[in-house]
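Chain identifiers are assigned alphabetically (A, B, ...) following the order of the sequence lines, protein sequences preceding nucleic acid strands; residue numbering begins at 1 within each chain.
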Amino acid sequence: MTQWFYIADLAGVAVFAIAGTLLAFRKQMDGFGVVVLASVTAIGGGTTRDLILDVPVFWLHDPTYFLVILIAAFATIVWLRFKAYIPLNRLLIADALGIAFFTVLGAEKALNAGMSPVIAVIMGTMTAVFGGMLRDVLARDIPLVLKSELYATTCIAGAVVFVLLQPFSPTLALTLAMLTTL
Amino acid sequence: MTQWFYIADLAGVAVFAIAGTLLAFRKQMDGFGVVVLASVTAIGGGTTRDLILDVPVFWLHDPTYFLVILIAAFATIVWLRFKAYIPLNRLLIADALGIAFFTVLGAEKALNAGMSPVIAVIMGTMTAVFGGMLRDVLARDIPLVLKSELYATTCIAGAVVFVLLQPFSPTLALTLAMLTTL
Amino acid sequence: MTQWFYIADLAGVAVFAIAGTLLAFRKQMDGFGVVVLASVTAIGGGTTRDLILDVPVFWLHDPTYFLVILIAAFATIVWLRFKAYIPLNRLLIADALGIAFFTVLGAEKALNAGMSPVIAVIMGTMTAVFGGMLRDVLARDIPLVLKSELYATTCIAGAVVFVLLQPFSPTLALTLAMLTTL
C-alpha cells in the first residue's frame, strides 16, 4: 500500500509540474521560471500543509521529488518545441487524478498528525489547490481555482468522504474518496 | 479576561471574513473563492505569525474559527443578494476595532513566546495587516495597506503602546493600546 | 570568520532593502509600504528557508536586521529626495554581491541542518531569489527573476560550487562559489 502511495504521489507531482510548465511557457518565461513554476505548482500545496501541521516538509529528505519535477518540466518543454499541440483532454484527466490523490493524501497526513476531521478536510483541500493558487499568483493571473467553483467543491467532497470512511476501511475510503473527487 | 479575549478574537475574525467576502463578491468569485478570500483575510496574519514564532497555528485545534468564517461569509452573501447597500461606515469601525485587537493579540503572543519588544511590535503589526495583504495579492490588487500609510502607522503605534505598558498593567495596556490604534 | 559572515550578511540585507525601497518608491507607496517592501526583499528569502528547514527564523532573536533595514530604507528615501539619480551601476554590483553571499549562506545553513547537497543547492538559491520574488508579487510585477534566466542560473551554479567544495576547504569554497555566482 505504502509503495503504491509513493508512486501515485510522484505521478501527481509530475502532472502538476507539467501544468506549471505549460503556464510558464505561455507566459514566455525562461528556464529558471519554468522550474520555479513547475516546483511551486507540484509541491507548494504539500509544503504549506507540512508547515502548518509542523511536520517535516516532505521533500526535504527525498530529492526524488525534484528529479521528477525536472524530468517532467524538461519533457514538457521538449514536447512543446517539437509537437504543436498539447493533448489537453488527457492532461485534464491526469490533473483530476492528481487533485483527487493529493486531497486524500493531505487529509490522511492531517489525521495521522492527530488533527480533527474538520482540519483534515481543510488540509486535504489545501494540499490539492494551494500549489495551483501560488502558481497563478506568481504568474500574475487571478488564481483559476478562485473563479471556478466546481473544481474545489469536488476536492472538499472527496476529503469529506475520505475522512468519514477512513476509520472503517482505509482502502475503501481511498477508492470512494477519489471517485468522489473525480 | 481570557474569555473576553477569545470572544473579541472571534469577532475580529468575523469582521475580517466579511471584508474578504466583500472583495471576493466585487471580483465576481464563486463559492470557494469567497471562502478562501474570507479565510485568508481572517486568519492569514495570525497563521504567518505562528509559523514564524514556531508555535502551534492557533486554528489547528479549534474549528470554531472556521465556523465563524463560514457563517460570516454566508451571512454577507445573503445580505448582498437581498439588500443593495453595505453599511460601510459601521463596517469601517468594526474593521478598525478588529485591527486594533489583532495588533494587541499578536504583540502579546510574541511577548509570551519570549520575544523582545521590537519583535513583539513587528508581530503585532504583522497579525493585523498580513491577512489583508494576502487577500489583496490573491485578488490581484496592489495591497491597500502598502498604499495608505495611516492605517498601518496606527497599528505600529498601538503595538508600541501595548509593549511599553504591558509590564505594569496588562488591562490598562490593552485599553490604551487599542485606543491608540483606533 | 563568523564575524565576517555576520557583517556580510547585514551588508546583503542593506543592499536588498535598498532594492525594495527603490521599487516601492517607483510604485509611489508610502512610508509603511516602503518598510514592508524593503523588509520582504531583504529577509523574505531567509525566512522562507528557515521555515522549511524548521530552524528558528534568523531575525527573531536579533533586531539588528530591522535596524539595518530601517536605516537603509530611510537613507534611500533621503537620497531620492535630494539627488535626482540613482547610481545604478554600483547598485547592481552590490546586488550581485548580496545574491552571491546569500546563496552561499543559504546552502551552508542547509548543510549545517544536516540536509543533502541537492537540498542545500535549492535552499541557497531560494535564499537568494525568494525575497525579490515576494517583493515583485506584492508590488504586482511578474517576478523579474522568472523572466531573466541568467540571474538565477548563476545562483544555482554558485551553490553547486560551494556544496561540492565545502568538505575540503570552507574558505576556498566560499571564495570560489561567490566568484562563480558573480
Side-chain angles (χ1 to χ4, degrees), chain B residues 44-45 47-57 99 103 106 109-160 163 181, chain C residues 13 17 20-71 73-74 77 113 130 133-143:
Chain B
T47 305
T48 313
R49 174 204 60 210
D50 289 348
L51 287 178
I52 289 178
L53 289 180
D54 205 13
V55 299
V57 176
I99 288 170
T103 305
K109 206 161 178 182
L111 286 179
N112 278 349
M115 295 299 143
S116 65
V118 174
I119 300 295
V121 170
I122 292 166
M123 287 296 155
T125 310
M126 186 184 275
T127 309
V129 305
F130 240 65
M133 226 159 83
L134 291 173
R135 175 197 62 202
D136 292 346
V137 164
L138 281 180
R140 217 177 142 188
D141 280 344
I142 281 208
L144 189 69
V145 64
L146 297 183
K147 289 260 175 182
S148 65
E149 191 163 4
L150 202 73
Y151 172 47
T153 311
T154 54
C155 280
I156 300 175
V160 169
V163 168
T181 313
Chain C
V13 163
T21 305
L22 289 177
L23 182 60
F25 191 83
R26 195 153 55 75
K27 295 266 171 176
Q28 300 178 328
M29 291 177 181
D30 258 324
F32 185 70
V34 165
V35 171
V36 169
L37 270 212
S39 305
V40 162
T41 313
I43 62 176
T47 305
T48 313
R49 175 202 61 211
D50 289 347
L51 287 178
I52 289 179
L53 290 179
D54 204 13
V55 298
V57 175
F58 66 100
W59 46 267
L60 266 191
H61 299 285
D62 187 357
T64 316
Y65 288 100
F66 284 96
L67 198 67
V68 167
I69 290 170
L70 287 179
I71 293 171
F74 187 74
I77 293 293
F130 240 64
M133 227 159 82
L134 291 174
R135 174 197 63 202
D136 292 346
V137 163
L138 280 180
R140 219 178 140 188
D141 279 344
I142 282 207

Of the backbone (N, CA, C, O) and the side chain (C-beta and beyond), which part of Leu60(C) lies under 4.5 Å from a heavy atom of chain B, both, or neither? both

Can Trp59(C) and Ile52(B) be said to form a side-chain contact (heavy atoms from CB on, under 4.5 Å), step by step? CA-CA 10 Å; Trp59(C) 46 267; Ile52(B) 289 178; 3.7 Å; yes

Can you measure from OG1 (Thr48(C)) to CG (Leu51(B)) and round to the nearest 0.5 angstrom? 11.0 Å

Is it the side chain or the backbone of Ile119(B) that comes within 4.5 Å of chain C heavy atoms, both, or neither? side chain

How about CZ on Phe74(C), more than 12 heavy atoms from neighbouring residues, nucleotides or ligands closer than 6.0 Å, or not? no

The single option from Val57(C), Asp54(C), Val55(C) passing side chain to side chain contact (heavy atoms under 4.5 Å, CB included) against Asp54(B): Asp54(C)

